2 protein chains.
Amino acid sequence: KGTVVTGVTYDKNVAKFAILGVPDTPGIAHKIFSALGDARINVDVIVQGAKSNEVTDILFTVAQTDIKKSRTILEKICLEIGATGILCEEDVAKVSIVGAGMASNPGVAGRMFGALAKVGVNIEAVSTSEIKISCLIKQDSTEKAVKAIHEEFGLGK
Amino acid sequence: KGTVVTGVTYDKNVAKFAILGVPDTPGIAHKIFSALGDARINVDVIVQGAKSNEVTDILFTVAQTDIKKSRTILEKICLEIGATGILCEEDVAKVSIVGAGMASNPGVAGRMFGALAKVGVNIEAVSTSEIKISCLIKQDSTEKAVKAIHEEFGLGK
Ligand SMILES: C[C@@H](O)[C@H](N)C(=O)O
Ligand SMILES: C[C@@H](O)[C@H](N)C(=O)O
């Protein structure tokens, strides 16, 4: 399997927002993220997946210290764009694997997800790039998740 | 605004699969991606976002050359996990911005999305990491999208 994955990172200072039922038309994502940007709110993971009936959900994470500020901005934007709702979960953490060779190694994601499944950790969101796979999980599962991933990829403690 | 974004990349050899209505329980993501990994199918972007009523959708991209092989594997897995359906779109492209300083610069995502909105390009999916933001768009919008993003971030042609 080699050294495809070189490290595991985690971040517990994470709050997950989901804007539900946003119209899937040009300009919507811009309205949401430029409003947060104008307020100097750092957004970390952004995930928008499949849509149904011309609406979709947009999920993203901010630091826990930015929850209140974000919520005020998002409530206003939601009215403007006609979204159906806002969810916020504070008990989440982000767990990631990093490695330069992941893009060309099929199966790395499956192994990470398998390590989490073995210890009963549910994956609440996934976001990837060529060198990093991140999962959002429940915050109290962080240590268990990191340990399971370390073991799967044979990384030192 | 500085040199936060250092480049724009695109890939037209992209097919988007969405597995709809998967149970949101540990082990499901592992089943899907280890099956694709065992078949040596390279998965690029993986996006799983908000869920509703204990089911969620998982979206991911493979090379267009892997569509047929992926579809056969996914049909079998969908039956096993009780998913409600599989969507496949071949007319998509991935457009990304990269830059080491993005994580600490609020508003970069909003600007990218704004550049796409200005030229009427709809964002079909989003996936991010600290140094990269990727959007899936319609393949025939690729040139227009890349040009609009270049202009927004003042990158040379
Ligand atoms: C949902 C949102 O991403 C929309 N499709 C847009 O382009 O802004
Ligand atoms: C949907 C899927 O990601 C599931 N939550 C899992 O942990 O495998």
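Both backbone and side-chain heavy atoms feed into the values below; hydrogens, waters and symmetry mates do not. Throughout, protein chains are lettered first and strands after them, A, B, ... in sequence-line order, and every chain is numbered starting at 1. Everything numeric here is computed off the predicted structure, so don't read it as measured data.
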Checklist entry - What part of Leu20(A) gets closer than 4.5 Å to chain B, counting heavy atoms only: side chain, backbone, both or neither? => result side chain
Checklist outcome for this item: Honestly, the part of Ala18(A) sitting under 4.5 Å from a heavy atom of chain B is side chain
Counting only non-hydrogen atoms closer than 4.5 Å, does [X] touch chain A with its backbone (N, CA, C, O), its side chain (CB onward), both, or neither?
X         : result
Ile131(B) : side chain
Ile133(B) : neither
Ile123(B) : both
Lys51(B)  : neither

Checklist entry - Around atom NZ of Lys31(B), are there more than 12 heavy atoms of other residues, nucleotides or ligands at under 6.0 Å? => result no
Checklist entry - Does Lys138(A) NZ have over 12 foreign heavy atoms under 6.0 Å away? => result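 Enclosed: over 12 neighbouring heavy atoms sit under 6.0 Å from NZ of Lys138(A).
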Under 4.5 Å between side-chain heavy atoms, counting indirect links through other Ile/Leu/Val/Met/Phe/Trp/Tyr residues: same cluster for [X] and [Y] or not?
X         : Y         : answer
Val95(A)  : Val14(A)  : no
Ile73(A)  : Val43(A)  : yes
Ile67(B)  : Leu74(B)  : yes
Ile137(B) : Val98(B)  : no
Phe60(B)  : Leu136(B) : no

If you tally heavy-atom pairs under 4.5 Å against chain A, which of [options] wins?
options                                   : answer
Asp24(B), Asn42(B), Leu59(B), Asp57(B)    : Asn42(B)
Ser127(B), Gly37(B), Ser34(B), Cys135(B)  : Ser127(B)
Val119(B), Val121(B), Ile46(B)            : Ile46(B)
Ala125(B), Ala39(B), Ala117(B), Gly107(B) : Ala125(B)
Asp38(B), Thr128(B), Val47(B)             : Thr128(B)
Ser96(B), Ala115(B), Gly120(B), Ala109(B) : Gly120(B)

Checklist outcome for this item: Note: vs chain B, highest number of non-hydrogen pairs under 4.5 angstrom among Ala29(A), Ser129(A), Gly110(A), Pro106(A) is Pro106(A)
Next on the checklist: Side chains of Phe33(A) and Val126(B), heavy atoms from C-beta outward: is any pair under 4.5 Å?
Outcome noted: no
Item to check | Rounded distance [0.5 Å steps], NE2 in His30(A) versus CE in Met112(B) | outcome: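 If we round to the nearest 0.5 Å, His30(A):NE2 and Met112(B):CE are 13.5 Å apart.
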Checklist entry - Do you know which two heavy atoms are closest between Asp44(B) and Glu130(A), and how far apart they sit? => result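 Heavy atoms of Asp44(B) and Glu130(A) come nearest at OD1-OE2, 3.7 Å.
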